Every structure is written in structure tokens, then in C-alpha cells.
Amino acid sequence: MDQRNHSRVTEFVLVGLSTSWELQILFFVLFILIYLAIVLGNLLIVLTVILEPLLHTPMYMMLSNLSVFDICLATYVTPKMIIDFLAELKTISFEGCMAQIFLLHVFVGGEMVLLVAMAYDRYVAICNPLHYTTIMSLNKYIGLLVASWVIGILHSLSQLAFTINLPFCGPNVVDSYYCDFTLVIKLACTDTYVPEILMLLDSGLIGVISFLLVLISYTVILVTVQHHSSAGTVKARATLTAHITVVILFFGPCIFIYIWPFSSFPVDKVISVFSTIFAPILNPIIYTLRNKEVKTAMQKVKTQHMRPFSVNSLLSLLLHHISFIYLSPQSPPTLFQMKKWPYSLLRQTLLLA
């Protein structure tokens with residue numbers, strides 16, 4: 001087959017989550033609300049850490065960077081998916097498909113490394129507290145942050161290298177709502193055994209190493225905490241519970257997806273939605289509900305930035321409404337309450353103006 005035939009496919013057709021028009025309208029409304037909550041909830045954490053000096057420590061700075069990864073992880077695919085709910089034919093260009101593959105592995109690979117860095121930070125803080133400030137210096141923190149992005153980019157480039165040069169000359173229907181290597185490689189007009197093995201080795205290497213490092217860190221921490229009963233240990237247990245929960249929510253779907261990467265199961269789309277959309281919204285909820293310092297700082301920032309109408313005033317208004325969702329002492333808001341939130345925000349903004 002000549003090279004001209006290799007360039008026939010210029011776009012891919014996405015199957016999406018459902019072919020039912022009623023379900024797609026429901027998903028359209030639901031995922032808009034979820035995406036807004038993801039962006040605003042994680043943005044709340046980032047702004048709180050930036051504006052509150054007491055949170056200028058490696059632990060909370062890493063938490064803010066985790067929120068940045070979660071915003072990116074939701075943004076690379078969710079807006080496109082939301083728009084596609086209203087489209088009769090869901091298509092994506094070849095370049096757009098490759099971009100989704102690249103961004104997916106940048107953010108997933110980077111977040112894996114960041115979770116390892118957060119586990120290391122907690123290990124030093126709990127198991128070697130007297131030397132914490134020396135070990136977790138500013139240079140060390142910056143190095144860990146840069147490493148998470150660099151490793152994520154390098155991992156993604158290797159994944160993209162396996163895909164972009166494959167010949168796509170026939171089928172172009174992707175059985176999902178986004179592009180990933182495991183989904184697109186099935187459509188190549190050539191034997192993909194070698195790229196599949198290389199992809200498994202690459203993704204497996206970064207995934208398994210990251211998971212084992214996190215597992216070892218938290219195992220050592222839990223053993224250390226088990227032999228103490230002070231008030232500080234109670235706080236450490238609460239922090240560890242939040243961290244371990246986030247690790248399970250993140251690595252669990254990744255492990256499931258890549259155990260059988262080139263086989264299709266009905267639950268695959270559910271797992272994908274959870275890992276790319278629901279996990280990013282659960283992270284800020286887990287950290288704000290389990291961390292009194294973050295909740296106190298959010299309340300403090302919200303109070304300090306209540307000024308006459310200005311950029312700060314608008315920011316305070318946003319913080320007030322977002323914190324209602326994450327800091328409310330009652331049960332989590334209902335879908336009806338969340339649907340009223342944008343209108344309340346708009347009304348108060350106009351009143352301030």
C-alpha cells in the first residue's frame with residue numbers, strides 16, 4: 001500500500017456515550033454542571049493556597065498543583081464532549097485526535113508523578129519531622145513539580161510517537177467520546193503488535209513504578225503512625241485518609257483500563273467518565289472536607305476579599321458561591337440547588353455593578 005493511501009483518514013467519528021437523544025440532553029445539562037464544579041472547585045483551592053500565606057508550604061502547594069492537573073484533565077475532553085451531545089455527527093479531526101492523546105498522557109502521567117511527590121512529602125513530614133524544612137526545601141519542591149510536568153510530557157511524546165505515524169486508511173469510528181491510543185490503534189491499516197507492546201511497556205512502567213512508590217510511602221507512614229497516639233498523629237491520619245482516597249480514585253480506573261487495553265467491555269466508558277470527569281470533582285471535595293486548615297483558609301480568604309465592586313469583589317463572590325458547595329455543613333447540594341447557583345451568581349454580580 002502506497003503512502004497516499006495512508007493519509008485517507010482526515011477525521012474520526014466518535015460514538016459518544018449514548019445514541020438516545022433524551023439521554024444526550026440529560027448528559028448535556030449534567031456534564032455542564034459537573035464541569036463548572038470541577039473548574040470552580042479546583043480553582044477555589046488554587047486561589048486559597050495562593051492568597052493564604054499560612055498555606056505556603058510544600059504540602060499545600062502540591063495540592064494546588066494537583067488541582068491544576070485536575071482542571072486540565074477535565075478540560076482536554078469535557079467541553080468537546082458537551083458540544084457533541086448536541087451534534088448529530090460527532091467528529092474530530094486527525095490533528096485534534098492526536099492532540100487529545102497527547103494531552104491525556106501529559107496530565108495523567110504528570111499527576112501520577114505528583115501523587116508520588118505528595119506521598120514523599122507526607123513521608124518526610126511524619127517520619128522525619130525535625131528535618132522536614134531542610135529536606136523539603138524550595139528547590140526540592142520546585143524540582144518535584146518540574147519533574148511531574150517533564151515526565152508527563154516525555155511519557156506523552158512516546159505515546160504519540162507510536163500513534164501518529166501509523167497508517168489510517170479505512171475505518172475511522174472510535175468507540176468512545178474521546179481519542180486514546182488503545183482506541184485509535186485498532187483502526188490502523190497495519191499490524192500493530194509491536195506498537196501495542198511498546199505502549200504497554202511505556203504506560204506500565206510509569207504507572208507501576210508510581211503506584212509502588214506511593215504504596216511503599218504510605219505503608220511506611222501507616223506503620224509509623226500506628227505506634228503513636230498523639231493529637232498530631234490524629235491529624236496525620238486524617239491527612240493520610242484523604243491522600244490514600246485520592247490515590248485509589250486515580251490509580252484504580254487507570255489499572256482497570258490498562259489491564260486489558262485492547263479489549264472492549266461495556267463498563268469501559270463508565271470507567272473513562274469516572275477517571276476524566278468525576279475524579280477531578282471528587283478531589284477538591286475530599287481535601288476540603290477532610291482538611292480543617294484548608295476550610296478555615298477558604299473562609300478567611302472569602303471574608304478578606306469582600307470589597308466594593310472590583311476584580312477582588314467579583315473574585316470574592318465566586319469564592320462565596322463555590323465555597324457553598326464545598327464548605328456547607330449540611331448535606332451536599334442537590335442538583336436543583338446547583339442549577340440555581342449560576343442565576344444567583346449573575347444576579348448578585350449585576351447588583352454589585
Side-chain angles (χ1 to χ4, degrees), residues 1 3 5-15 68-81 84 90-116 146-210 250-251 253-255 257-264 268 271-272 275-277 280:
M1 189 175 295
Q3 184 63 31
N5 290 332
H6 290 182
S7 59
R8 283 183 184 175
V9 173
T10 59
E11 66 179 15
F12 294 96
V13 177
L14 303 174
V15 173
V68 172
F69 273 118
D70 283 336
I71 292 173
C72 294
L73 191 59
T75 301
Y76 93 94
V77 67
T78 308
K80 165 67 175 169
M81 179 183 65
D84 282 346
K90 305 169 179 56
T91 61
I92 185 172
S93 67
F94 180 85
E95 293 76 12
C97 187
M98 295 301 107
Q100 281 194 344
I101 294 174
F102 174 76
L103 293 175
L104 168 64
H105 290 278
V106 167
F107 303 139
V108 171
E111 188 161 333
M112 284 182 179
V113 178
L114 184 61
L115 288 173
V116 173
V146 171
S148 66
W149 283 98
V150 170
I151 293 175
I153 292 173
L154 292 177
H155 164 67
S156 185
L157 287 174
S158 65
Q159 295 288 300
L160 193 63
F162 298 149
T163 312
I164 199 167
N165 292 320
L166 290 174
F168 297 96
C169 53
N172 68 335
V173 178
V174 178
D175 187 20
S176 187
Y177 60 92
Y178 71 107
C179 289
D180 191 10
F181 178 85
T182 58
L183 301 168
V184 174
I185 196 174
K186 301 174 184 177
L187 308 177
C189 303
T190 186
D191 180 20
T192 58
Y193 178 77
V194 173
E196 289 176 9
I197 295 300
L198 293 175
M199 187 282 295
L200 283 176
L201 291 175
D202 184 22
S203 296
L205 187 65
I206 186 173
V208 171
I209 291 177
S210 298
F250 181 78
F251 280 100
C254 292
I255 292 172
I257 290 173
Y258 284 96
I259 286 178
W260 301 282
F262 304 105
S263 300
S264 297
D268 282 353
I271 299 296
S272 297
S275 61
T276 59
I277 298 173

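Keep in mind the model is a prediction, meaning the values are calculated, not measured. Hydrogens, waters and symmetry mates play no part in the numbers below; they use all other heavy atoms, side chains included.
For T182 against I185, the heavy-atom pair with the smallest separation is O-CG2, 3.8 Å. The two residues P79 and A74 have their closest heavy-atom pair at CD-O, 3.9 Å. Shortest non-hydrogen contact noted between L73 and V77 is O-CG1, 4.3 Å. Contact detail for C179 and I92: the closest heavy-atom pair is SG-CG2, 4.0 Å. Nearest heavy atom pair, residue M112 against residue F250, reads CG-CE2, 3.4 Å.
With sequence neighbours left out, V116 forms a side-chain contact (heavy atoms from CB on, under 4.5 Å) with S210, L213, V214. Applying the side-chain hydrogen bond (donor to acceptor under 3.5 Å, both in side chains) rule to D84 yields the partners K80; only residues at least two apart in sequence or on another chain are considered. Residues satisfying the side-chain contact (heavy atoms from CB on, under 4.5 Å) test with L205, not counting sequence neighbours, are I209. In this view, S93 and E95 satisfy the side-chain contact (heavy atoms from CB on, under 4.5 Å) rule, not counting sequence neighbours. Taking the side-chain hydrogen bond (donor to acceptor under 3.5 Å, both in side chains) definition, one finds that S176 meets it with nothing, sequence neighbours left out. Every residue two or more places apart in sequence or in another chain that forms a side-chain contact (heavy atoms from CB on, under 4.5 Å) with S156 is listed here: F102, H105, V106.
With rounding to the nearest 0.5 angstrom, the CD1 atom of I71 is 12.0 Å from the OG1 atom of T78. Here the straight-line distance linking atom CD1 of I153 with atom CG of L160 works out to 12.5 Å at 0.5 Å rounding. To the nearest 0.5 Å, atoms CG (D70) and CD1 (I277) are separated by 12.5 Å. Remark: H155 NE2 to I206 CD1 distance equals 5.0 Å, nearest 0.5 Å. Atoms CG and SG, on D180 and C97 in that order, are 9.0 Å from each other to the nearest 0.5 Å. Distance CG/L114 to CZ/F107: 13.5 Å, rounded to 0.5 Å.
Under the side-chain contact (heavy atoms from CB on, under 4.5 Å) test applied with V174, the options L14, V15, V13 reduce to a single match, L14.
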*Under the side-chain contact (heavy atoms from CB on, under 4.5 Å) rule, what do L183 and F12 come out as? Steps first, then yes or no, please.*
CA-CA 11 Å; L183 301 168; F12 294 96; over 6 Å; no

*Check the pair D175 / K186 against side-chain contact (heavy atoms from CB on, under 4.5 Å), numbers first and verdict last.*
CA-CA 10 Å; D175 187 20; K186 301 174 184 177; over 6 Å; no

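Judged by distance alone, with hydrogens and angles left aside, the side-chain atoms of Q100 form no donor-acceptor pair with the main-chain N or O of Y178 at under 3.5 Å.
Ring planes of W149 and F69: parallel class, angle under 30° (limits at 30 and 60°).
Considering only heavy atoms from C-beta on, T276 comes within 4.5 Å of Y76 through its side chain. Contact annotation: the side chain of F168 approaches that of V184 to within less than 4.5 Å [non-hydrogen atoms, C-beta and beyond]. Taking the side chain as every heavy atom from C-beta outward, I101 and M98 approach each other to under 4.5 Å.
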